[in-house]
Chemist: 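Okay, handing you the structure first.
Numbered from 1 within each chain, the chains take letters A, B, ... in sequence-line order. It should be emphasised that the depicted structure is a prediction, and the values quoted were computed from it without experimental measurement.
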Amino acid sequence: MRTISMLEAINEALHQEMERDETVFVFGEDVARQGGDFGATRGLWKRFGDKRVKDTPLSEAAIAGIANGAAMAGLRPVAEIMFGDFMTECYDQIVNHAAKARYMYAGQFKMPLVIRTAVGAGMRAGPQHSQSIESWFVNVPGLFIVAPSTPYDAKGLLISSIRDDNPVLFLEHKMLYNFKGEVPEEPYTIPIGKGEIKRPGKDVSVIAYMKTVHQALEAAAILDNEGISAEVVDLRTIIPYDRQIILDSVSKTKRAVVVHEAPKTGGFGAEISSFIHEQMFYDLEAPVVRVAALDCPVPFNPRLEDYVVPSTADIVKAVKSLF
Amino acid sequence: MRTISMLEAINEALHQEMERDETVFVFGEDVARQGGDFGATRGLWKRFGDKRVKDTPLSEAAIAGIANGAAMAGLRPVAEIMFGDFMTECYDQIVNHAAKARYMYAGQFKMPLVIRTAVGAGMRAGPQHSQSIESWFVNVPGLFIVAPSTPYDAKGLLISSIRDDNPVLFLEHKMLYNFKGEVPEEPYTIPIGKGEIKRPGKDVSVIAYMKTVHQALEAAAILDNEGISAEVVDLRTIIPYDRQIILDSVSKTKRAVVVHEAPKTGGFGAEISSFIHEQMFYDLEAPVVRVAALDCPVPFNPRLEDYVVPSTADIVKAVKSLF
Amino acid sequence: MALSNEDLIKMCRQMVYVRKFEEHIEEEFKAGNIPGWCHLGIGQEAIQVACHWALRKDDYYFYDHRNKVMTLIAGTDPKAVMAECFGKKTGICKGKGGEMHIADKSVGNMGNNEIQGANLAISLGTAVASQIRGTDQVTAVFFGDGTTGRGEFHEGLNLAAVWKLPIVYCCANNLYAISTPHREAHAVEDIADLARAYGIPAEVVDGNDAVAVYEAMTRAVQHVRSKKGPYFLEFKTYRWQGHFVGDPAANRPEEEVAYWKARCPIKRMKERLISEGIMSEADFERMSEEVEQEIHELIKYAHESPEPSLEEAVEDVYYGLEVAAR
Amino acid sequence: MALSNEDLIKMCRQMVYVRKFEEHIEEEFKAGNIPGWCHLGIGQEAIQVACHWALRKDDYYFYDHRNKVMTLIAGTDPKAVMAECFGKKTGICKGKGGEMHIADKSVGNMGNNEIQGANLAISLGTAVASQIRGTDQVTAVFFGDGTTGRGEFHEGLNLAAVWKLPIVYCCANNLYAISTPHREAHAVEDIADLARAYGIPAEVVDGNDAVAVYEAMTRAVQHVRSKKGPYFLEFKTYRWQGHFVGDPAANRPEEEVAYWKARCPIKRMKERLISEGIMSEADFERMSEEVEQEIHELIKYAHESPEPSLEEAVEDVYYGLEVAAR
Ligand SMILES: Cc1ncc(C[n+]2csc(CCOP(=O)(O)OP(=O)(O)O)c2C)c(N)n1
Ligand SMILES: Cc1ncc(C[n+]2csc(CCOP(=O)(O)OP(=O)(O)O)c2C)c(N)n1
Ligand SMILES: [Mg+2]
Ligand SMILES: [Mg+2]
C-alpha cells in the first residue's frame with residue numbers, strides 16, 4: 001500500500017469528505033489561499049471554491065461560533081484553529097455551546113461539527129504554541145476528543161469525526177504531521193471511542209495517545225531486550241475513551257503505565273489511572289504509574305523543552321519500576 | 001465568636017484588604033453600584049470610591065486582562081467574574097497569561113491577582129450557570145485554585161490569596177454563600193495549599209472541597225451510626241493540593257473516597273485518586289473511589305439537578321462499598 | 001407591506017399576550033412555583049412582537065434572556081413554553097433548559113443561549129448556512145445594550161460585514177445591563193454608530209412604537225434578504241423591572257421608570273387603535289380578558305404537567321452514546 | 001519637540017541597527033543556529049524606531065511578534081535579546097521565551113505575548129495602574145492589522161474610551177495577516193475609522209516615514225499623557241518577507257512587494273539626511289559598517305553563551321513554590 005504522511009492523510013480525508021458531502025465546509029485562519037499554517041487544507045480552496053473553503057480574520061470565537069451555528073442549521077462545518085493553544089479564545093463556544101446545545105435544548109439539535117487543531121511540543125515554539133490541551137476539555141460532557149497517532153488512524157478518524165453527529169475536537173500532534181504510514185486511497189472510517197493495540201504484549205500495558213504512542217513503541221522495543229513484554233494501547237479517542245480495551249489489556253498484564261505529553265498534575269492520565277484502579281484494584285500487581293510532562297509550561301530552549309516532556313527513557317524507567 | 005455567612009466573610013476580607021493595602025482594587029460586572037450579583041462586594045464602592053471599585057462592561061476578557069496588566073504593573077487586582085461558567089470567556093487570559101507570564105518571562109513579573117467567581121449547582125440556574133469549573137484549570141501550571149468550604153476558611157484564604165504573589169482563581173460555591181460560621185473580626189490568613197481535617201476518623205478518608213465537604217460531614221455522621229469512623233479531609237486548595245494531609249490521613253485509614261460536584265470523567269477526583277494509588281497502593285485495603293456528578297451538564301429541573309450532582313447518600317454508599 | 005387594521009389588532013393582542021404571559025410567570029415565580037430565576041421583558045413588547053411580523057417562518061432567530069417570549073410569536077406552542085419555565089417534562093426543552101434556554105427548532109428559534117454575546121458568534125453560522133445553500137433565509141439576532149460590550153460583538157459584526165452575511169442585528173437598548181447604565185460602560189451613546197463604522201447600515205428606532213419597529217424591521221429584512229449584507233437596528237426601550245424578578249433595581253431613578261412607563265408600548269398601541277377608530281376601549285378589555293383566560297390555561301397546564309423522570313437527566317448528552325445514570 | 005540633526009542621525013542609525021539585527025537573525029536561523037521560528041519586521045523600521053522617541057522611559061510598552069526589536073530601542077541590552085533568540089541562558093528571558101516572548105520589565109517592555117490580541121486586554125491593566133496611582137505614565141500597545149479581528153480589540157478600545165485610559169494604540173497595518181489580505185478579513189479599509197467610532201481620536205500615518213511617525217506619535221502621547229484618554233495611530237506599512245523566515249508568501253503580487261521595497265523607510269531617511277546635507281553617503285556607509293560590527297559581537301556572544309541548566313526548566317513556575325524536576 002501507498003505510504004503518506006499524516007498531513008497528507010488529513011488533507012485527503014478533507015478532500016474526500018468535501019467531495020462526498022456538499023454540506024461539509026472548511027474554514028479558519030489562512031486555510032484557503034495558503035492551505036493552512038501546516039498545509040492540512042492545501043488544495044481545497046482551488047477545488048471547492050470560496051463558498052466552501054473560507055479564510056477568516058483572527059476571530060477564534062467567531063470561527064467556533066460559525067461551527068456551532070452552521071451545525072445547528074444542518075451543515076457539517078470543519079473549522080481549523082491554527083494552534084491548540086488558541087482554543088482558549090473560543091473555549092466558551094466549545095464548552096458552553098458545542099458541548100451543551102444538544103442537551104440543554106433536549107435533543108432538538110445535532111451538533112455535527114469538527115474543530116481541528118495542532119497541538120503538542122517539540123517544535124521549539126515556546127510556552128504559547130506547544131501545549132497539550134486535551135485535559136482542558138475532558139470534564140466537559142457532550143464533547144468528543146479524538147487524538148490519532150498514525151496517518152491511517154488520522155484519515156479514518158477524521159472521516160468518522162466529520163460524519164459523526166457530535167461535536168468533535170480533533171487533535172493533530174505537530175510532530176506527527178510528517179510521520180509516514182500506509183494509508184488506503186479510498187475513504188474509510190475508524191470508530192470514535194475505540195482504541196487499538198499497537199503492539200501486543202503480556203507483562204505490562206502502556207497506554208498512550210498521539211506522539212507518546214510512538215515513544216511507547218520505542219520503549220517496548222527496549223524493554224523487550226530486557227525481557228519485559230509491553231503491550232502498547234493506543235487510545236486514539238480521549239473522550240469517550242475505550243474502557244474495554246483497557247480492561248482487557250490490563251486484566252492480562254496486571255500492570256499499567258499511562259503516558260501523555262501534558263503536565264502530570266490534573267492531566268488525563270489521572271482519569272485512566274483512577275479508572276483502572278477502581279475497576280481492577282485487586283487484580284493489579286503494582287500501582288498504575290503516570291508518565292507525563294513536568295508541571296510547568298513548555299519552555300523555548302530545545303534542551304529544556306525535551307527535558308520537560310516525557311521521553312522514551314522515562315517510559316522505560318516507569319515500566320521497570322513496576323517489577 | 002460572632003457568626004457570619006460566607007458572603008459576609010468574603011465581603012469583610014475585601015474591605016480589610018482594601019483598607020490595609022491601597023494597591024488592592026476590585027472590579028467586574030455590577031460590583032460597584034450593586035455590590036455584585038450575589039452581594040460579595042457590597043459597600044466597597046461607597047467606601048473606596050470609583051478609582052478602586054469599578055463596574056465594567058460585559059467584557060470578561062478585558063476584566064481578566066486588566067487583572068494581568070495591573071498585576072504586572074505591581075498592583076493587587078481582585079476581579080469578579082459573575083459566574084464561573086463565564087470564565088470560558090476569559091480562559092485565554094488565565095491560561096496563557098496569568099499562569100505563564102512569570103515563567104515565560106523568566107521571573108521578571110510577579111502576578112499577584114485574584115479572580116473570584118461563583119460556581120456550583122443547586123440554584124436551579126441551568127446548564128450555563130451551575131458548573132463546577134475547577135478541572136478546566138487543573139492542568140495549567142502557574143495557577144493556584146482555592147476552594148473554601150466555610151466562612152472562616154473563605155475569609156482567611158481570600159486574604160491569603162490577595163497577599164499571595166501568584167495568580168489565584170478563587171472559587172465560591174453559590175450554595176455556601178449563606179452558610180454561617182464563626183469568623184474572627186480581625187484579618188487573618190490561612191496558608192494556600194494546606195487542607196484541614198474537618199472531622200477526624202480512623203476507618204476511611206473522605207476527601208472533599210467546597211460544598212461536598214458538608215455532605216461528607218453529613219455522611220460521616222450517618223456512617224458513625226453504622227460503626228464506620230470517617231475522617232473528612234477538606235482540601236481547601238485544589239492547586240497546589242495538600243499531598244501531605246492526604247498521605248497522613250490515608251496511611252491511617254487505608255481507605256479513601258474523593259468527592260466533588262463536577263462530572264466524574266476527567267474531574268479533579270481522578271488526580272487525587274491516582275496520586276493516592278501511586279503513593280500508597282500497597283497500603284490500601286480497597287481502591288480509592290470517586291463520588292461525583294454524572295457525566296452530563298447540569299439540568300434546570302430541580303429533581304434532575306439534585307439527581308445529577310452527588311448526594312450525601314452517594315457518599316455513604318461509596319464508603320460502604322470499601323468494606 | 002402596510003399593516004391592515006386587522007394586523008394592528010392582532011399585533012396589539014400579541015403584545016397583551018406576551019405581557020400577561022410574563023406577569024403570570026412573575027406571579028407564579030413569587031409564589032414559589034417556578035424554580036431558578038425569571039428575567040422579564042415587560043416594557044419591551046413592541047420589539048418582541050413587531051419584529052416577527054417582518055420575518056419569515058423559515059428564518060433563523062436567536063433570542064436572549066429578556067426576549068424568550070418572542071418564541072410565542074414565532075409560533076412555539078405556548079403550553080410548551082410555560083411548562084419549560086416550570087421545568088416540566090412537557091416543556092419545549094423537557095425541563096432541562098428552563099426559561100434561560102428555550103429553543104424551538106421547528107419554528108427557527110435557535111436557542112436563547114445565556115452566555116451573553118455567544119449568539120453574536122453562533123448566528124454567523126446559520127447565516128453562513130443560508131449563504132452556502134443559496135437560500136434567502138435571514139438570521140435575526142436579538143440582544144441587549146450590555147451585551148455589546150463582549151468581544152463577539154466585534155468579531156461577529158466584522159465578519160458579517162466582510163462576508164455580507166444575511167443577518168439582522170436587533171439590539172434592545174434598554175439603558176442598563178443589570179445595574180450598570182449604558183453610558184458608563186460604553187463609549188458610544190448610540191450603538192448604531194458603532195455598527196455603521198463596519199459599513200453596516202444602521203438605524204436608531206423608537207423601540208416602544210410597534211409600528212415604527214415593524215417598519216424598520218421590514219426595511220432591514222428586505223435589505224438583508226436581497227443579499228446586500230447585514231443590517232443593524234437599535235431599539236431604544238426600557239425594562240420596567242429589575243434584571244430578574246426580585247431584583248429591586250434600586251439604583252434607577254424613579255422619574256426615569258415613570259417616564260418610560262408612561263411610554264408603555266401597549267398603551268401606545270391601544271391609544272392609536274382607539275383614536276383611529278379601529279378598536280374600542282371595550283374591545284380591548286374583552287380581548288384582554290380573553291388573553292387572561294388563555295394564559296390561565298397555560299398555567300394550569302404547566303402545573304399539571306409531569307416532572308421529567310430521573311433517567312432523562314442523562315439523555316441527549318451525546319448523539320448515539322448513552323451516559324450512565326446512577 | 002522638533003528633532004535635531006543629531007536626533008535624525010541617531011534615528012537613522014537605530015533603523016539600520018534593527019534592520020541588521022534582524023538580517024543576522026535570519027542568517028543564523030537559516031544556518032540552523034536559532035531554534036523555532038523567526039518573525040522579521042524588515043520594512044517596518046520607521047515605526048519600530050520612531051515611536052519610541054515620543055515615549056518616556058517610565059512608560060509601559062507592549063510589542064508583538066513583529067516588533068520585538070523595539071525593545072532594543074527601549075534600552076534592553078542587545079546581547080540579552082540576541083541570546084534570547086538563540087534560547088540561551090543569558091537571554092533576557094533565560095531562553096525560556098525565545099523571540100516570541102521577550103519582556104524586559106526594567107525598561108517597561110511588558111512582553112510580546114504571542115496570543116494575538118491578548119495584549120489589547122492586558123494593556124488596559126497597566127493603564128488602570130497609572131490611573132490608580134495618579135501617574136502620567138502612558139501605555140503604548142503595538143499590534144498588526146490582522147490582530148484587530150480579535151474580540152479583545154473591541155473590549156479593549158471600548159473600555160479605554162469609557163475609562164479614558166492612558167493608552168496609545170499603535171497599529172502597524174502591513175496589509176496582511178499571514179496570507180490573508182487585510183481587505184478580505186476586515187470590514188474597514190482604515191482601522192482608524194473603527195477607532196473613531198469609539199470616540200477615540202485616530203490618525204492614519206505613513207508608517208514608512210520615520211519623521212511622520214515620530215510627529216504623530218508625539219501628538220498621540222501628548223494627548224494621552226495629559227489624561228484626555230486613548231489615542232489611535234494606524235501606520236500604513238509593509239513587511240518585506242513572509243510571515244516567518246521560510247514562508248515564501250507566494251500569494252503576494254511581486255509588484256506590490258517591489259512598490260513597498262522602493263518605499264524602504266531606511267532609504268527614505270538616508271536620502272533625506274543626504275539631501276539635507278546632514279549626512280553623506282560615506283557617513284552612512286561608515287555607520288552601517290559600525291553597526292554591522294556591533295551585531296557581529298552580539299551574534300558571537302549568543303553563540304558563546306551557555307545553555308540553561310535542565311533544572312531551570314522548573315524555575316519560576318510559581319512564586320515561592322518549587323516544582324519537582326525529573
Ligand atoms: C458572558 C456573560 N457575562 C455576564 C453575564 C451575566 N448577565 C446576564 S444578563 C446581563 C446583562 C445584560 O445586559 P443587556 O445585554 O443590556 O440585556 P438586558 O438584561 O438589559 O435586557 C449580564 C451581565 C452572562 N450571562 N454572560
Ligand atoms: C489568537 C491568535 N490567533 C492566531 C494566531 C496566529 N498568528 C500569529 S501572527 C498572525 C497574523 C497577525 O497578523 P497582524 O496582526 O496583521 O500582524 P503581522 O504578522 O502582519 O505583523 C496569526 C494569525 C495567534 N498567534 N494568536
Ligand atoms: Mg440592557
Ligand atoms: Mg499584518
Chemist: Find the distance between CG (Asp55(A)) and OG1 (Thr180(D)) and round it off to the nearest 0.5 Å.
Modeler: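 If I round to the nearest 0.5 Å, the distance is 4.0 Å.
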
Chemist: For Asn301(A) and Glu307(D), which I'm curious about, is there any donor-acceptor pair between the side chains at under 3.5 Å?
Modeler: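 Per modelled atom types, Asn301(A) and Glu307(D) side chains form a pair under 3.5 Å.
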
Chemist: Considering only heavy atoms, which portion of Glu315(D) lies under 4.5 Å from any heavy atom of chain A: side chain, backbone, both, or neither?
Modeler: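 Glu315(D) has no heavy atom closer than 4.5 Å to chain A.
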
Chemist: Once you round to the nearest 0.5 Å, how far does CZ of Arg252(D) lie from CZ of Arg33(A)?
Modeler: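 Answer rounded to 0.5 Å: 12.5 Å.
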
Chemist: Hey, which of Gly98(D), Ala177(D), Cys93(D) has the most heavy atom pairs under 4.5 Å with chain A?
Modeler: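 Highest number of pairs under 4.5 Å: Gly98(D).
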
Chemist: Heavy-atom distance under 4.5 Å to chain D: side chain of Pro127(A), backbone, both or neither?
Modeler: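 Both parts, backbone and side chain.
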
Chemist: About how many Å separate CG of Asp30(A) and OH of Tyr176(D), when rounded to the nearest 0.5 Å?
Modeler: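 Taking OH in Tyr176(D) and CG in Asp30(A), the distance rounds to 12.0 Å.
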
Chemist: For Cys296(A) and Ala313(D), work out which heavy atoms get closest and say how close.
Modeler: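 The answer is SG-O, 3.5 Å.
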
Chemist: If you compare all heavy atoms of Leu304(A) against all heavy atoms of Ser309(D), which two are closest, and at what distance to 0.1 Å?
Modeler: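 Reported closest heavy-atom pair: CD2-O, 3.5 Å.
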
Chemist: Taking every heavy-atom pair that is under 4.5 Å apart, which of Gly87(D), Gly117(D), Gly91(D) has the most such pairs with chain A?
Modeler: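 Heavy-atom pair counts peak at Gly87(D).
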
Chemist: Which one of His186(D), Glu114(D), His243(D) has the most heavy-atom pairs closer than 4.5 Å to chain A?
Modeler: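 Top option by heavy-atom pairs under 4.5 Å: Glu114(D).
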
Chemist: Does any heavy atom of chain A fall under 4.5 Å from the side chain of Asn113(D), the backbone, both, or neither of them?
Modeler: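 Answer is both: backbone and side chain atoms of Asn113(D) are under 4.5 Å from chain A.
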
Chemist: Provide the closest heavy-atom pair for Pro57(A) versus Gly149(D) in the form atom of the first, atom of the second, distance.
Modeler: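 In this case the closest contact between Pro57(A) and Gly149(D) is CB-CA, 4.5 Å.
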
Chemist: Using side-chain heavy atoms (C-beta onward) and a distance below 4.5 Å, is Arg124(A) in contact with Trp37(D)?
Modeler: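 Arg124(A) vs Trp37(D): side chains apart.
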
Chemist: With a 4.5 angstrom heavy-atom cut-off, which part of Asp306(A) approaches chain D: side chain, backbone, both or neither?
Modeler: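 For Asp306(A), there is no contact with chain D at all, as no heavy atom is under 4.5 Å.
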
Chemist: Atom CD of Glu184(D) and atom OG1 of Thr56(A): how far apart are they, to the nearest 0.5 Å?
Modeler: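 With rounding to 0.5 Å, CD (Glu184(D)) is 12.0 Å from OG1 (Thr56(A)).
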
Chemist: Going from CG on Leu58(A) to CZ on Phe143(D), what distance comes out if it is rounded to the nearest 0.5 angstrom?
Modeler: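 Nearest 0.5 Å value for the CG-CZ distance: 12.5 Å.
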
Chemist: With a 4.5 Å heavy-atom cut-off, do Met100(D) and Gln128(A) have their side chains touching?
Modeler: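 No, too far: nothing below the 4.5 Å cut-off.
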
Chemist: Heavy atoms only: give me the nearest Arg326(D)-Val308(A) pair and the separation to one decimal.
Modeler: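 What the structure gives for the nearest pair is NH2-O, 2.8 Å.
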
Chemist: Would you mind checking which part of Phe153(D) comes under 4.5 Å of any heavy atom in chain A, side chain (CB onward), backbone (N, CA, C, O), both or neither?
Modeler: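 It is neither, since no heavy atom gets under 4.5 Å.
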
Chemist: Under a 4.5 Å cut-off applied to non-hydrogen side-chain atoms, are Asp295(A) and Val317(D) in contact?
Modeler: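 A side-chain contact under 4.5 Å is absent here.
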
Chemist: Supply the atom-to-atom distance Phe300(A) CZ to Lys88(D) NZ, rounded to the nearest 0.5 angstrom.
Modeler: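 Here the rounded value is 11.0 Å.
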
Chemist: Mark yes when over 12 heavy atoms from residues, nucleotides or ligands other than Glu226(A) sit less than 6.0 Å from its CD; otherwise mark no.
Modeler: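 Counting other residues, nucleotides and ligands, CD of Glu226(A) exceeds 12 neighbours.
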
Chemist: With a 4.5 Å cut-off on heavy-atom pairs, point out which of Pro308(D), Ala118(D), Ala249(D), Gly151(D) contacts chain A the most.
Modeler: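 Heavy-atom pair counts peak at Pro308(D).
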
Chemist: With a 4.5 angstrom heavy-atom cut-off, could you sort out which part of Pro263(A) is near chain D: side chain, backbone, both or neither?
Modeler: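 Pro263(A) has no heavy atom closer than 4.5 Å to chain D.
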
Chemist: What option among Glu152(D), Glu84(D), Lys94(D) has the most heavy-atom pairs under 4.5 Å with chain A?
Modeler: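 It is Glu152(D).
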
Chemist: Between the side chain of Arg303(A) and the main-chain N/O of Leu310(D), is any donor-acceptor distance below 3.5 Å?
Modeler: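 It does not hold such a pair.
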
Chemist: I'd like to know whether CG of Asn33(D) has more than 12 heavy-atom contacts from other residues, nucleotides or ligands below 6.0 angstrom.
Modeler: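 More than 12 within 6.0 Å, yes.
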
Chemist: Given heavy-atom pairs under 4.5 angstrom as the criterion, report whether the side chain, backbone, both or neither of Phe86(A) touches chain D.
Modeler: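 It is the side chain, since no backbone atom gets that close.
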
Chemist: Between His129(A), Glu29(A), Glu60(A), Glu305(A), who has the most heavy-atom pairs with chain D when the cutoff is under 4.5 Å?
Modeler: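 Option with the top pair count is His129(A).
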
Chemist: Report which part of Ala125(A) has an atom under 4.5 Å of a heavy atom belonging to chain D: side chain, backbone, both, or neither.
Modeler: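 Its backbone and side chain both get close to chain D.
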
Chemist: When you look at CZ of Phe244(D), are more than 12 heavy atoms from neighbouring residues, nucleotides or ligands closer to it than 6.0 Å?
Modeler: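 Count over threshold, so yes.
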
Chemist: Please report the closest heavy-atom contact between Ala324(D) and Leu294(A), naming both atoms and the distance.
Modeler: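 In this case the closest contact between Ala324(D) and Leu294(A) is O-CD2, 3.8 Å.
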
Chemist: Are the side chain of Ser59(A) and the backbone of Arg150(D) linked by a donor-acceptor contact shorter than 3.5 Å?
Modeler: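 Such a contact is absent between Ser59(A) side chain and Arg150(D) backbone.
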
